Amino acid sequence: LRHRLDFKLAVAIALITSVMLGCLFLWRLYVIRSQMNRELRDASLAIAKRLAHNLSNPLWEYDKKSAMKVLETEMCDPRVQSIVIREQDDETIFAAAHRDENGVSSQARLERASNGGVHEICDIRAGERGQELIGFVDVRLMDSKIWHRAMMVFLALAAEGSALALAIVV
C-alpha cells in the first residue's frame with residue numbers, strides 16, 4: 001500500500017511539473033516569436049526608409065536602370081521577399097523585384113508586394129526640400145525563418161523540461 005501511494009505521488013508530481021513546464025515553454029515560445037517579429041519589423045522599416053532615400057533621385061529622373069541597381073542591392077538580403085516601387089498615383093509600378101519559392105531574386109511585374117511576411121510602406125519624396133511626394137516603396141520580408149528559429153528554441157526548451165521532469169520522478 002505504501003509503495004502504491006509513493007508511486008501515485010511521484011506520478012502526480014511529474015504530471016504537475018510537466019504541465020507547468022509546458023505552460024512555461026508555450027509562454028517562452030510566444031515571447032521569442034514576438035521578439036523575432038519585432039526585429040523583422042524594425043529591419044523592414046529600416047530597409048523601406050533606406051530605399052525611399054536611395055530611390056528619390058532615380059524616381060524623380062525616371063531612371064529605371066539606377067532604380068533596379070538599388071533594388072538588386074537590397075534583394076541581397078535573404079530576408080527580403082519583394083520590393084515594389086509605385087509612382088505617385090499609387091497604381092503604376094515603376095520597378096519591382098521578387099524572390100521566388102526557391103529563394104532566387106528576379107525582376108517582377110507585381111501589382112502589390114506578395115502575401116505573407118512582414119511588410120512596410122514608405123513615401124518617396126524629392127524636390128527642392130524633399131517634400132514633394134513622388135512615389136511609394138513597398139518592402140516585404142519573409143517570416144518563415146522566424147517560425148523555424150522559434151520552433152528550434154522551443155524544442156530545445158522542451159527537451160530540457162522533459163529531462164527535468166524525468167529527474168524529478170527518478
Side-chain angles (χ1 to χ4, degrees), residues 12-56 58-59 67-86 90 93-125 130 133-170:
I13 290 172
L15 186 62
I16 290 169
T17 303
S18 296
V19 168
M20 288 174 56
L21 288 174
C23 292
L24 176 67
F25 297 143
L26 288 175
W27 176 75
R28 292 262 311 173
L29 178 63
Y30 171 77
V31 168
I32 289 167
R33 184 162 163 89
S34 296
Q35 179 183 2
M36 290 178 178
N37 269 330
R38 190 174 23 247
E39 290 171 5
L40 196 63
R41 285 201 184 284
D42 292 346
S44 177
L45 180 60
I47 290 169
K49 284 182 176 180
R50 186 170 51 243
L51 278 167
H53 174 75
N54 291 338
L55 289 168
S56 61
L59 191 55
M68 287 311 299
K69 285 182 181 179
V70 172
L71 287 185
E72 288 169 9
T73 301
E74 292 296 342
M75 289 300 291
C76 289
D77 185 336
R79 299 171 298 178
V80 177
Q81 182 180 9
S82 64
I83 302 170
V84 179
I85 305 165
R86 288 178 278 116
D90 196 27
I93 304 291
F94 178 72
H98 175 75
R99 190 176 309 282
D100 66 15
E101 59 276 351
N102 298 323
V104 178
S105 170
S106 64
Q107 293 182 14
R109 281 250 183 257
L110 304 171
E111 292 183 12
R112 298 279 180 197
S114 54
N115 294 329
V118 172
H119 123 99
E120 197 68 47
I121 297 175
C122 268
D123 296 350
I124 301 174
R125 297 186 177 274
L133 179 66
I134 58 171
F136 304 92
V137 61
D138 188 344
V139 177
R140 188 169 300 272
L141 301 186
M142 296 190 303
D143 67 349
S144 61
K145 292 183 182 183
I146 284 182
W147 179 246
H148 178 73
R149 285 178 30 208
M151 282 305 296
M152 294 306 291
V153 170
F154 174 73
L155 291 174
L157 290 172
E160 290 174 11
S162 298
L164 181 62
L166 186 62
I168 289 173
V169 170
V170 174

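Throughout, numbering of the chain's residues begins at 1 and tracks the sequence. What you see below is based on every heavy atom in this structure, not just the backbone, and it leaves out hydrogens, waters and symmetry mates. Here the structure is a predicted model, which means the values were calculated and not measured.
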Problem - Partners passing side chain to side chain donor-acceptor pair (under 3.5 Å) against Asp77 (at least two apart in sequence or in another chain) - result: Arg79
Handout entry: Validation row: Leu51, Leu71 side chains within 4.5 angstrom (heavy atoms)
Key = yes
Exercise for the section: For Arg50, check side chain to side chain donor-acceptor pair (under 3.5 Å) against everything at least two apart and list the hits. Expected result: Glu74
Exercise for the section: State, yes or no, whether a side-chain contact exists between Glu39 and Asp42 at a heavy-atom distance under 4.5 Å. Expected result: no
Exercise for the section: Can you see which heavy atom on Ile83 is nearest to which on Met75, and at what distance? Expected result: CD1-SD, 3.9 Å
Handout entry: Distance (rounded to the nearest 0.5 Å) between Phe136 CZ and Ile124 CD1
Key = 9.0 Å
Completion exercise
dist Arg28:CZ -> Gln35:CD (nearest 0.5 Å) comes out at 9.5 Å
Problem - Flag side-chain contact, heavy atom, 4.5 Å: Leu141 against Ile47 - result: yes
Problem - The single option from Leu55, Asp138, Val137 passing side chain to side chain contact (heavy atoms under 4.5 Å, CB included) against Cys122 - result: Val137
Practice task
Could you tell me which non-hydrogen atom of Pro58 sits nearest to which non-hydrogen atom of Phe94, and how far apart they are?
Solution key: O-CZ, 3.9 Å
Handout entry: Leu40 backbone acceptor or donor facing Ser44 side chain under 3.5 Å
Key = no
